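Nothing here was measured: the structure is a model prediction, and the numbers come from that model.
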Amino acid sequence: VKAEVGSEHCNSDGHITDNDEPADSSQEKHKNSEIQVLKDCLVRQGKESLIPWLQEVLLDACRVKMYPNSILPENSVHPHEPTPYYYNKAKQSIPLVPWNRIQYLGLQTEAFILLLHKLGFHLPADVGKVFPRIPHFWSADHIFSVATKIGPVNRDNLKFSPE
């Protein structure tokens with residue numbers, strides 16, 4: 001299956017096929033540029049609200065990984081979001097649950113699914129589930145680094161300290 005994203009062509013694995021460069025240390029740079037191309041595609045499609053939503057879900061999952069023992073982390077006035085908290089407690093991958101029509105339709109957008117694939121999410125078709133999932137084995141550090149790949153993190157709005 002091939003899908004056109006921007007001016008680049010992607011195969012069903014989400015890998016750009018218009019690339020003549022060898023796979024070496026520049027591979028990470030290409031991955032980041034592919035993420036940017038997919039984000040730009042979402043903006044052109046009027047689905048830019050999916051980007052901060054995805055980042056927020058990742059940051060909620062990161063916080064749950066950092067403070068897994070209680071729904072209300074010590075010294076915090078903000079309880080965990082229930083979906084990531086309980087899935088993490090059950091040692092399961094955390095689903096990306098849409099809470100409105102825009103998010104629901106976004107999960108059916110090819111560019112958004114390719115973005116999730118590039119970021120390393122478990123896709124519904126791959127794991128036999130309804131929603132894409134943040135892999136359970138991802139650490140808090142890894143989840144935070146994925147959130148920063150999507151865009152700059154507003155540290156003033158974080159419910160935890162990234163240090």
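- Note that the CD atom of E48 and the CG atom of L42 stand 9.0 Å from one another [nearest 0.5 Å].
- Within a 6.0 Å sphere centred on CD of E74, other residues, nucleotides and ligands contribute 12 heavy atoms or fewer.
- For the atom pair CD1 of I94 and CZ of F131, the computed distance is 14.5 Å after rounding to the nearest 0.5 Å.
- The distance from the CG atom of L54 to the CD1 atom of I150 is 3.5 Å, given to the nearest 0.5 Å.
- Scanning all heavy atoms of the two residues, the minimum distance from A61 to P84 falls at CA-CB, 4.2 Å.
- Hydrophobic side-chain contacts under 4.5 Å tie Y104 into a cluster, directly or through other members, with L105.
- Residues forming a side-chain hydrogen bond (donor to acceptor under 3.5 Å, both in side chains) with Q92 (at least two apart in sequence, or on another chain): none.
- Residues H78 and R63 have side chains in contact (heavy-atom distance under 4.5 Å, counting atoms from C-beta outward).
- Between T83 and W99 there is a side-chain heavy-atom pair separated by less than 4.5 Å.
- Partners of K89 according to the side chain to side chain contact (heavy atoms under 4.5 Å, CB included) rule, which considers only residues two or more places apart in sequence or in another chain, are Y85.
- For I113, the side chain to side chain contact (heavy atoms under 4.5 Å, CB included) test picks out L116, L123, with sequence neighbours left out.
- From C41, atom SG reaches atom NZ of K47 across 10.5 Å, with rounding to the nearest 0.5 Å.
- For the atom pair CD (E110) and CG (L115), the distance works out to 12.5 Å, reported to the nearest 0.5 Å.
- The nearest pair of heavy atoms linking A147 to L59 is CB-CD2, 3.9 Å.
- Tracing side-chain contacts under 4.5 Å through hydrophobic residues (I, L, V, M, F, W, Y), one never reaches V77 starting from M66; they form parts of separate clusters.
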For F144 and L58, run side-chain contact (heavy atoms from CB on, under 4.5 Å): C-alpha distance rounded to whole Å, both residues' side-chain angles, the deciding distance at 0.1 Å, then the answer. CA-CA 7 Å; F144 191 79; L58 284 164; over 6 Å; no

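- Side-chain heavy atoms closer than 4.5 Å link hydrophobic residues (I, L, V, M, F, W, Y) into clusters, and following such links, even through other members, never connects Y86 to F137.
- When hydrophobic clusters are built by joining Ile, Leu, Val, Met, Phe, Trp and Tyr residues whose side-chain heavy atoms come closer than 4.5 Å, directly or via intermediates, Y67 is not grouped with V64.
- Remark: K65 pairs with N88 by the side-chain hydrogen bond (donor to acceptor under 3.5 Å, both in side chains) rule, at least two apart or across chains.
- The heavy-atom pair separating A140 from C62 by the smallest distance is O-SG, 3.3 Å.
- Apart from I102 itself, the hydrophobic cluster it occupies contains nothing, where clustering links Ile, Leu, Val, Met, Phe, Trp and Tyr at side-chain heavy-atom distances under 4.5 Å.
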Run the side-chain contact (heavy atoms from CB on, under 4.5 Å) test on K149 and K118 for me, step by step, so that the C-alpha distance in whole Å, both residues' side-chain angles and the decisive distance to 0.1 Å come before the verdict. CA-CA 11 Å; K149 287 179 184 178; K118 280 286 164 209; over 6 Å; no

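- When all heavy atoms of Q55 and G151 are compared, the closest pair comes out as NE2-O, 2.9 Å.
- With sequence neighbours left out, the side chain to side chain contact (heavy atoms under 4.5 Å, CB included) criterion links S70 to L72.
- Among residues two or more places apart in sequence or in another chain, the side chain to side chain contact (heavy atoms under 4.5 Å, CB included) test is passed with P124 by P132.
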Evaluate side-chain contact (heavy atoms from CB on, under 4.5 Å) for W53 paired with L96, printing each intermediate quantity in order. CA-CA 10 Å; W53 170 58; L96 186 63; 3.6 Å; yes

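- By the side-chain hydrogen bond (donor to acceptor under 3.5 Å, both in side chains) test, D126 is found to be paired with no residue, residues two or more places apart in sequence or in another chain being considered.
- One distance of note links CG of L38 with OG1 of T109; it measures 11.5 Å at 0.5 Å rounding.
- By the ring-ring contact (aromatic ring centres under 6.0 Å, His included) test, H142 pairs with W138, sequence neighbours left out.
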